[in-house]
Amino acid sequence: MLREEPLDALMSRAYAVKARVWGKRVALRGLVEISNICAKNCLYCGIRRGNTKTVRYRMSEDEVFAAVAWAAENRYGSVVLQSGEVMDEANALFVERILKRVRAELGDSLGITLSLGEQPDDVYRRWLDAGANRYLLRIETSDPVIYARIHPAGHSWQARRQCLRSLKRLGYITGTGVMIGLPGQDEDSLAHDIAFFRDEGVDMVGMGPYIAHPDTPLAAEAPRLGRERLLELSLRMIAAVRLAIPDANIASTTALQAIDPEGREKGLLAGANVIMPNITPQKYRGEYLLYPGKPCVGEDSELCRGCLERRVKSIGEEIAWGERCDPLHFGKETR
Ligand code: SAM
Ligand code: SF4
């Protein structure tokens with residue numbers, strides 16, 4: 001599937017499944033990059049602790065609330081709060097307070113996804129109790145050997161998988177994903193990634209190309225794949241995941257758009273059903289640079305909104321305004 005079927009045919013097959021399960025509709029998740037402070041040092045990431053060129057920020061509680069309220073007013077069905085990984089009580093409380101305030105002032109209809117890295121179970125539990133519904137934690141690769149190659153000592157694949165399992169057990173709608181085009185990764189390891197998503201019973205999948213950031217150690221490794229091949233593999237992965245888990249939410253990620261101006265639309269045509277427009281205040285966007293070439297860094301949320309609607313319409317799809325679009329997969333299977 002990843003290598004034999006012509007790309008067009010594979011995408012059409014996956015798109016037909018997506019259209020049958022979800023209709024010609026695209027779910028929106030407004031992405032708020034609440035902080036670029038990170039205690040980790042992943043060898044590929046532009047906001048890793050060791051990148052001294054990054055100017056660190058953390059949005060205030062009011063700023064995060066305002067971004068979430070903007071999303072609700074503009075009929076985004078859900079938001080994603082994302083940041084570097086900080087594992088301390090101050091951070092746990094900060095997020096907990098925001099969640100409680102959002103639920104108290106904006107109600108329960110908005111879906112709230114967290115993407116705040118590995119945390120102790122009791123913190124995951126507190127955030128769930130405070131109003132979060134979903135959690136995104138990419139495994140990055142299902143191969144522990146590749147994982148070890150792209151992380152420094154002390155970053156554990158097993159610990160990350162354990163976090164994913166805890167999230168699921170605690171009752172989060174759980175998402176994971178991988179980067180595509182990593183050093184040491186081949187088509188067999190990508191096929192294994194898909195089996196991992198299925199076997200772990202995840203409800204949401206977010207995958208995108210790995211894009212080398214010049215101020216990271218991994219960038220020193222020679223690029224293995226050209227942009228075209230990277231795009232093709234990414235689209236094949238989206239299509240293959242749609243065929244393997246028809247009722248999952250699958251994101252067409254910003255990184256796809258970074259390697260092809262129409263990458264996000266192509267991702268939707270390969271079977272993805274979610275896009276994550278950036279609604280971070282413009283003054284912070286330039287400092288949340290995981291990789292170079294991130295789209296929409298200089299635009300404000302209003303501009304992003306209009307541009308997205310046009311792009312989605314151009315491929316014959318509609319945005320599911322105001323709908324949470326929880327993954328139909330959630331709660332179906334038992335492990
Ligand atoms: N810190 C949290 C975590 O690691 O789960 C959430 C934020 S982290 C920046 C979100 C995702 O960005 C990571 O899971 C990783 O897949 C992706 N990412 C980081 N650096 C990247 C790069 N150079 N190219 C593509 N994706 C990247
Ligand atoms: Fe931190 Fe996440 Fe980047 Fe790793 S991928 S350095 S945990 S922000």
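Below, all heavy atoms of this structure are taken into account, side chains as well, without hydrogens, waters or symmetry copies. Order of listing sets the numbers, starting from 1, for every ligand and every atom in it. All residue numbers in this chain count up from 1 along the given sequence.
Salt bridge annotation for E323-R25: present, with a cationic side-chain nitrogen under 4.0 angstrom from a carboxylate oxygen. Contact check on K313 versus E265 returns no salt bridge, with no Lys/Arg side-chain nitrogen under 4.0 Å from an Asp/Glu carboxylate oxygen. For R126 and E96, the salt-bridge test passes: some basic side-chain N is under 4.0 Å from an acidic carboxylate O.
Seen from the ring of Y284, R58 does not count as a face-on cation partner, given the 6.0 Å and 45° thresholds. Remark: R134 fails to qualify as a cation-pi partner of Y172 under the 6.0 Å distance and 45° angle criteria applied to the six-membered ring.
For atom 4 (Fe) of ligand 2, protein N/O/S neighbours under 2.8 Å (waters excluded) are C42 SG.
Taking the six-membered ring where the residue is Trp, W127 and Y124 present perpendicular rings, their angle passing 60° and hence far from 30°.
Of the possible donor and acceptor atoms, none in the side chain of T113 sits under 3.5 Å from a partner among the backbone N and O of Y135. Under the 3.5 Å distance criterion, the side-chain polar atoms of S252 are matched with a main-chain donor or acceptor of R264.
If you look at ligand 1, the protein residues with a non-hydrogen atom under 4.0 Å away are Y44, C45, Q82, S83, G84, E85, S115, G117, L137, R138, E140, R160, M179, P209, Y210, I211, Y288, L290, Y291.
Atom 6 (S) of ligand 2 is approached by the protein to below 4.0 angstrom, counting heavy atoms only.
One side chain, S142 or D193, offers a donor N or O that lies under 3.5 Å from an acceptor on the other. Side-chain contact, S78 with R29: a donor N or O sits under 3.5 Å from an acceptor N or O.
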